[in-house]
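Notes follow the structure.
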Amino acid sequence: MKLLIIEDESALNASIVAYLQQVGYTCESAEDFRKAWRKIANQDYDCVILDLTLPGGNGLDLIRLLKTNNPEAGIIIISAKNALDDKISGLELGADDYLTKPFHLSELNARLRSVIRRRNITSQKVIQLGSLEVYPESAEALVEGRKMTLTKKEFELLLYFVSNKNRVLTKDSIAEHLWGDHIETLDSLDFVYTHIKNLRRKLIETGAEDPIQTIYGMGYKFNY
Ligand code: CA
């Protein structure tokens, strides 16, 4: 796993690199826009962690370059608290996640693992779990060859479950995955419950045995 860390605060850059190397990643770093641009133009990375405000240019342009040159790379934005507009633009351009500074390096590592896991799963043409087939690109899911009729959110939820099968997912992490930044504008935990109820019903109607286990007080687990 090769990572690129783009951050102009030298001390922060160095501490991210040291931490991620210690947990087993190969890391390269860039502290300004031009150097980052050159690296992205010439090499492929598994995941890029980037600050958006950089000397010499805007990190959003680096995301655009990544999307053309290295579309398989995961992208995690690390940005200052006051940069909400930039974060949203970054996610719209296709970044996978963001963290607001200051953050714990262990949290960055957890996000990184989740981005890499999701990338590995969604780069597959089809994810097959027993009689369940999920097609990330066309957003289709079949049980025993019968197509499920899912809303966009239900499909995202199913894909999230499938990418994390046999792990407990908390309601919070599901809400954050489905709504990201807009989480606070919704009564999101009730929405999670409703989406899970509908997804469960549709899975059963299409012929699956109920794969969504409720873990009381913790969340949900997808067993298939
Ligand atoms: Ca900066």
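Just so it is clear, the structure is predicted and the values come from calculations on it, not from any experiment. Atoms within a ligand are numbered from 1 in the order they appear, just like the ligands themselves. Throughout, numbering of the chain's residues begins at 1 and tracks the sequence.
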statement: Using a 4.5 Å side-chain heavy-atom cut-off and chaining through intermediate ILVMFWY residues, the residues clustered with Ile215 come out as Val168, Met218

- prompt: Any N/O/S atom, backbone or side chain, of Ser79 lying under 3.0 Å from the Ca ion (ligand 1)?
  reply: no

message: For residues 132-143, which residue pairs pass the side chain to side chain donor-acceptor pair (under 3.5 Å) check, not counting sequence neighbours?
response: Glu133-Tyr135, Glu140-Lys147

- request: Return the name of the atom in Asp51, of element N, O or S, nearest to the Ca ion (ligand 1).
  value: OD2

query: So which of Ile49, Asn13, Leu50 actually passes side-chain contact (heavy atoms from CB on, under 4.5 Å) with Glu7?
result: Asn13

message: Could you report the tightest heavy-atom contact between Ala80 and Thr100, atom names first, then the distance?
response: C-CG2, 4.2 Å

statement: Among N, O or S atoms, Asp8 approaches the Ca ion (ligand 1) most closely through OD1

